[in-house]
There are 2 protein chains.
Amino acid sequence: MNDELGRRCETALGELLQRRMRVNLYEELVAGVGRGVDITSYPILSGLARLGPVTAGTLGAEVGLDRSGVSRHATRLEEGGLIVRRPDPDDARNTLLILTDDGERIIAVLRERLAGMFDQQLRSWPREQAEQFVAGLERFVRENHDRSFADIAPGADTPLTPMDQERS
Amino acid sequence: MNDELGRRCETALGELLQRRMRVNLYEELVAGVGRGVDITSYPILSGLARLGPVTAGTLGAEVGLDRSGVSRHATRLEEGGLIVRRPDPDDARNTLLILTDDGERIIAVLRERLAGMFDQQLRSWPREQAEQFVAGLERFVRENHDRSFADIAPGADTPLTPMDQERS
DNA sequence: TCCAATGCGTGCGTCTTGCACGCATTGGAG
DNA sequence: CTCCAATGCGTGCAAGACGCACGCATTGGA
């Protein structure tokens, strides 16, 4: 019966992680903002707001991007005046990405917008259910976040059923 | 107070929708499967399993992709023997994408794997919390799915202010 | 002083995606 | 029956995002 939970979770999350969901949500979110903020650079900006001043490498590991990609987006956001690059005082090899005041303000507005959207949706829910859902969501995300950094190679976690046919 | 829920939901979902989450999950999922199945074509296959025989256009709207992209992935999956193209008997303009037996079997295995992963994670939760979380997740996804098709978002020139609308 | 290690930023190739065009089919109007 | 506007697929083309590898700068220990 718990297996049923896993299956239902897979179905729901499968839809949530679809491209349609991301594009609809984030493209509407960043529409008209400019300043180098688009659907691809928003995760960089958001991650930077969450982590504080960090290097491109660290931020890349957080959002799942290569350093080079982060650097590219950072350049665009820097040209937009939302972030600045500054050498790490403790280690000049590192270049810290830091939000400017404009950057702080804009990311705050964007997150506020998103929170408003979700709040609007959750408002029609029974208070109890909304509370439980968000709490569960937070736990789920936190566990996955921790695992994605601690866990490297499970390997034989899930066996491969008889589908290992090579046809090429 | 409810606004706090929206904010917490935004934070959690913000991480859940990150690239790192998708890549880690789906790349591990489809590793070694072959047959034209990779992290980009899996959503096509999965959506096809969910919707049944549909046209490329319909499937594209479902997953958030252009018809052309769906057609490309469909070609690859067809070469892998997982789907077939067949003209719609009711309207020969349409080309229905249909899962083969191999396709059905493989997508079933993959979804089973995913369900197993989630089940394993949820197993350590209090039964009540896991139940509530999944139920909430299903409702959340369903509402968003409906809205994304009913709502034609104008938002091309949305001002940079928090939006407030009436509940539906 | 020297050198291996670390980290950034850019050139280059690959992959994915969207737009536009050509072709085929449908259904209604004359 | 014929004609034509509408619809939908699949491909050529171009733009964009991403990863890898290289060069350069800095650090810390031998």
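Keep in mind it's a predicted model, so treat the numbers as computed, not measured. Throughout, a chain's letter reflects where its sequence line sits, starting with A, and its residues are numbered from 1.
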field: Gap separating the CZ atom of A/Arg72 from the CG atom of A/Leu77, nearest 0.5 angstrom
entry: 14.0 Å
B/His73 side-chain N/O to C/dT17 phosphate OP1/OP2 under 4.0 Å: yes
- request: Kindly say if B/Arg67 contacts the phosphate of D/dC9, meaning a side-chain N or O under 4.0 Å from OP1 or OP2.
  value: yes
query: Given that both distances must come in under 3.5 Å, which nucleotide forms a Watson-Crick or G-U wobble pair with C/dG7?
result: D/dC24
message: Tell me whether the rings of A/Phe140 and B/Trp125 are parallel (<30°), tilted (30 to 60°) or perpendicular (>60°).
response: perpendicular
query: Going by atom types alone, do B/Arg111 and A/Thr11 pair a side-chain donor with an acceptor below 3.5 Å?
result: yes
message: Please name the nucleotide paired to C/dT16 by Watson-Crick or G-U wobble geometry with both distances under 3.5 Å, or report none.
response: D/dA15
- request: Starting from P on C/dG18, measure out to CZ on A/Arg20 and report it in whole angstrom.
  value: 14 Å
- request: Tell me the partner of D/dA30, counting only Watson-Crick (N1-N3 plus N6-O4 or O6-N4) or G-U wobble (N1-O2 and O6-N3) with both under 3.5 Å; none if nothing fits.
  value: C/dT1
task: Give a yes/no answer on whether the side chain of B/Thr40 brings an N or O atom under 4.0 Å of OP1 or OP2 in C/dT16.
output: yes
message: Expressed as a whole number of angstroms, how long is the span from B/Asp66:CG to D/dA14:P?
response: 18 Å
Minimum-distance nucleotide (side-chain atoms of B/Ala56 versus C/dG11, D/dG10, D/dT27): D/dG10
- line: Atom CG of A/Leu65 and atom C1' of C/dC8 are separated, to the nearest Å, by 15 Å
message: Can you tell me how far apart CG (A/Leu96) and CG (A/Leu59) are? Round to the nearest 0.5 Å.
response: 11.5 Å
query: Any side-chain donor-acceptor pair under 3.5 Å between B/Asp66 and B/Ser68?
result: yes
statement: note: A/Arg93, atom CZ; C/dC3, atom C1'; distance rounded to Å ~ 13 Å
message: On DNA chain D, compare the nucleotides closest to A/Asp90 and A/Ser68; which residue's is nearer the 5' end?
response: A/Ser68
query: Would you say D/dG19 has OP1 or OP2 under 4.0 Å from some side-chain N or O of B/Arg19?
result: yes
- request: Would you indicate what A/Gly69 reaches in the nucleic acid, counting non-hydrogen atoms under 4.0 angstrom: base, sugar-phosphate, or nothing?
  value: nothing
- request: Quickly work out the A/Glu78 CD to C/dC8 P distance and round it to whole Å.
  value: 14 Å
message: In this structure, how many angstroms lie between the P atom of C/dA24 and the CG atom of B/Asp91, rounded?
response: 16 Å
task: Would you mind reading off the distance between A/Leu77 atom CG and C/dG9 atom P, rounded to a whole angstrom?
output: 13 Å
- prompt: Does D/dG8 have OP1 or OP2 sitting under 4.0 Å from an N or O in the side chain of B/Arg85?
  reply: no
message: Just to be sure I understand the rule, does B/Asp38 reach a base, reach only the sugar-phosphate, or reach nothing, if contact means heavy atoms closer than 4.0 Å?
response: sugar-phosphate
statement: Whole-Å distance, A/Arg76 CZ to D/dA15 C1', equals 12 Å
